[in-house]
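The basis for the numbers below is simple: all heavy atoms, side chains too, and nothing from hydrogens, waters or symmetry mates.
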Amino acid sequence: MDNFQIVLRFFMNQKATIGYSFMALLTIGGERVFSMVSFQCPCNHDQNFAYGLTFLLGPAAVLLVLGLFFSTRLWRLYTGCCLDPMKLCPRGNCFGCLRAFMNIFTGACVAPIMWLCVALLNGTFYECAVSGLDDNLVVDLFCKNKTLKCREELARVPCDRSKLSSDERMELLLMFRAQSQILGWCIIIIAAVTGLLGTCCTNCRSKVSFLQLTFWKRYMEKEKERFDAFAVEYATKLAERNLQSFFENKEPEKFPFPNHRAWEEISAHYTFSRSEQCYSTLQRYVERAERDLTPEKRPVMDLEHGIEMS
């Protein structure tokens with residue numbers, strides 16, 4: 001049992017690394033499926049560039065949108081901001097809000113960057129896109145010191161319909177693939193260096209020590225985990241209380257529930273303050289001496305600002 005707990009603790013501590021590794025495997029598998037099953041380069045000047053670029057950037061754009069859509073931190077900032085714009089910048093801290101949005105966007109960019117790197121290292125989409133360019137500089141680069149037929153057949157090089165010799169076709173394909181892989185490695189290097197510099201800058205400007213920062217991260221993970229568990233438990237109790245009142249046709253029992261102002265305060269974006277050295281908005285609310293402990297009279301939605309369930 002002790003060994004099992006050690007293994008479980010290891011996987012829990014490395015869940016971010018495991019998650020990124022799993023995402024990388026899914027990206028590689030998705031790219032291979034696209035390349036082998038659905039991708040068919042049209043091999044003509046009019047469609048090659050648009051078709052290849054769509055397969056190269058289209059999935060990356062979809063992954064970026066999905067990353068933002070499933071970001072809890074984004075919705076925590078955005079929910080209700082049309083009715084109360086100050087939710088985006090609590091206490092007037094616009095710089096902290098901008099930094100939060102940058103962190104959210106950076107996290108959402110991980111999957112798209114993985115896709116671009118894998119797709120460029122493979123080279124299939126890049127070959128199709130670049131072979132359809134009509135720009136003279138591009139054509140001169142690929143067909144330098146070659147016959148006029150190279151310019152005419154450049155768009156058909158990714159397919160087997162090219163009238164060029166096998167040696168010329170293979171030379172062009174290797175050139176396309178080399179450029180694609182160089183571009184892919186450039187993105188990997190830039191992403192790695194940017195991530196390292198961003199982490200160094202964040203840690204350098206940290207207002208707490210490394211160990212306290214580590215504790216802070218652990219606390220936020222545990223708070224979210226326990227909040228989800230408490231939410232499920234209390235939602236179950238409230239559902240049982242409402243169903244019992246309905247089926248037994250009697251007044252519902254009193255149910256202790258946080259008031260709406262409390263929900264608003266703990267849902268706000270957290271910014272560290274030396275005057276209130278707390279680890280989250282929830283702790284800031286709980287530790288506050290003058291907080292309102294009056295429970296909600298009825299555990300219902302607040303319709304004061306037009307919030308309504310459909």
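Checking each of Pro42, Cys41, Cys128 against Gln47 for a side chain to side chain contact (heavy atoms under 4.5 Å, CB included) leaves exactly one that passes, namely Pro42. Of the residues listed (Phe49, Phe55, Tyr51), the one engaging Phe125 in a ring pair (Phe, Tyr, Trp, His ring centres under 6.0 Å) is Phe55, and it is the only one.
Not a single donor-acceptor pair under 3.5 Å links the side chain of Arg284 to the backbone N or O of Cys278. Thr54 contributes a side-chain N or O that, together with a main-chain N or O of Ala50, makes up a donor-acceptor pair within less than 3.5 Å. Under the 3.5 Å distance criterion, the side-chain polar atoms of Trp75 are matched with a main-chain donor or acceptor of Phe69. With hydrogens and angles ignored, the 3.5 Å screen pairs no side-chain donor or acceptor of Arg177 with any backbone N or O of Leu121. In this structure a side-chain-to-backbone donor-acceptor pair under 3.5 Å is missing from Arg156 to Cys43. In terms of modelled atom types and a separation under 3.5 Å, the side chain of Trp115 and the main chain of Leu56 share a donor-acceptor contact. A donor-acceptor contact shorter than 3.5 Å links the side chain of Gln283 to the backbone of Tyr279. For Thr281 (side chain) and Ser267 (main-chain N/O), no donor-acceptor pair under 3.5 Å exists by modelled atom type. In terms of modelled atom types and a separation under 3.5 Å, the side chain of Thr202 and the main chain of Gly198 share a donor-acceptor contact. Looking at Asn48, its side chain does come within 3.5 Å of a backbone N or O of Asn44 through a donor-acceptor pair.
Taking each heavy atom of Glu223 and Ser280 in turn, the nearest pair found is OE1-OG, 2.6 Å.
Linking ILVMFWY residues whenever their side-chain heavy atoms come closer than 4.5 Å, directly or via other members, leaves Tyr126 and Ile190 in distinct clusters.
A salt bridge does not link Lys217 with Glu221: every distance from a Lys NZ or Arg NE/NH1/NH2 to an Asp or Glu carboxylate oxygen is 4.0 Å or more. Checked for salt-bridge contact, Arg261 and Glu264 miss the test: no charged N lies under 4.0 Å from a carboxylate O.
With 3.5 Å as the limit, one finds no donor-acceptor pair spanning the side chains of Arg241 and Thr236.
Cation-pi geometry between Lys237 and Tyr234 is met: under 6.0 angstrom from the ring centre, within 45 degrees of the axis.
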